[in-house]
Each structure stands twice: as C-alpha cells, then as structure tokens.
Amino acid sequence: HVSAILRQPMDASDESEIVGNEMISNQNGTLIHQFTVCYECGIAPIIGARYKCLYCPNFDYCERCFLTQDHIEYHMFLKKKKAKFC
C-alpha cells in the first residue's frame, strides 16, 4: 500500500506536506494531526505528539493532557510524533 504525498501551499510563504490525515508544517517541522480531537481538552487538530489509546476506540490525548490526566491504569498508548511515509 503506497500513500501519496501531496504538496499544497498554505499561503505564499508556507508549504506543507500532507500524508493521510497528518500535515507537516515545513516552517518548523511540527506535525499536525488533522481530524483528531483531544478527548480531554477538546483541542482540534492535535499539534505535536498525539497519544492514542490502544484499547479505547477514538480516544486520543494531546501531549499536555497525556502528561496531566489519568486513564485506565492498564491501557497502553501509542505515541505518534512523526508522519510515516510509504
């Protein structure tokens, strides 16, 4: 399975690479998880690291909430901080 990488100019001074539902800002290399909402604070999109619960469907934390909130003790999270290029 190969994902296409699309280059879309954001404005005249910025370009971003889009891979699936993730966008990488070329200005500072920040990962933006489009269409992803933090379960705790409601921020959308999640910018930077995203923490996805491996047990609960549609359960994501931004980095701030992951570090400050409690979730079910035995649930593990996947930390997504880089886009994967296929």
Side-chain angles (χ1 to χ4, degrees):
H1 171 47
V2 177
S3 297
I5 300 172
L6 306 174
R7 293 181 82 57
Q8 294 181 342
M10 300 282 289
D11 60 34
S13 63
D14 183 28
E15 278 192 354
S16 297
E17 291 183 15
I18 299 175
V19 181
N21 289 337
E22 298 166 341
M23 180 170 56
I24 305 165
S25 170
N26 284 342
Q27 284 187 335
N28 59 9
T30 301
L31 184 60
I32 302 169
H33 304 273
Q34 295 188 43
F35 314 114
T36 306
V37 179
C38 177
Y39 182 82
E40 184 64 29
C41 70
I43 193 167
I46 294 177
I47 299 172
R50 165 187 171 195
Y51 295 82
K52 179 166 188 57
C53 180
L54 297 177
Y55 296 91
C56 301
N58 299 319
F59 192 99
D60 298 281
Y61 274 145
C62 66
E63 188 158 30
R64 182 178 64 99
C65 291
F66 178 77
L67 295 173
T68 60
Q69 301 300 316
D70 288 330
H71 188 58
I72 300 170
E73 183 178 321
Y74 58 87
H75 282 198
M76 296 179 6
F77 281 79
L78 172 67
K79 180 179 182 181
K80 184 138 185 167
K81 61 183 180 176
K82 294 182 181 177
K84 301 222 189 273
F85 296 95
C86 297

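Computed over heavy atoms, backbone and side chain alike; hydrogens, waters and symmetry mates excluded.
In this structure, H33 contributes its side chain and I47 its backbone to no donor-acceptor pair below 3.5 Å.
Expressed to the nearest 0.5 Å, how far CD1 of I43 lies from OG1 of T36 amounts to 12.0 Å. Distance check: L78 CG to Y51 OH gives 10.5 Å after rounding to the nearest 0.5 Å.
Proximity of the aromatic rings of H75 and F59 is defined here by a centroid distance below 6.0 angstrom, and this criterion is not met.
Of all the heavy atoms in I32 and P45, the pair that sits closest is CG2-CG, 3.6 Å. Contact between G48 and T30 at its shortest, heavy atoms only, is N-CG2, 4.1 Å. What you find for Y61 and D70 is that their closest heavy atoms are OH-O, 3.6 Å. Of all heavy-atom pairs spanning K80 and L31, the tightest one is O-CD2, 4.4 Å. Smallest separation of non-hydrogen atoms from C62 and C38: N-SG, 3.4 Å.
Aromatic ring pairs are classed by plane angle as parallel below 30°, tilted from 30° to 60° and perpendicular above 60°; the pair Y74 and Y55 is perpendicular.
A single hydrophobic cluster is seen to contain both Y39 and F66, as judged by linkage of ILVMFWY side chains at heavy-atom distances under 4.5 Å, directly or through other members.
A heavy-atom distance below 4.5 Å is found between the side chains of H71 and C56.
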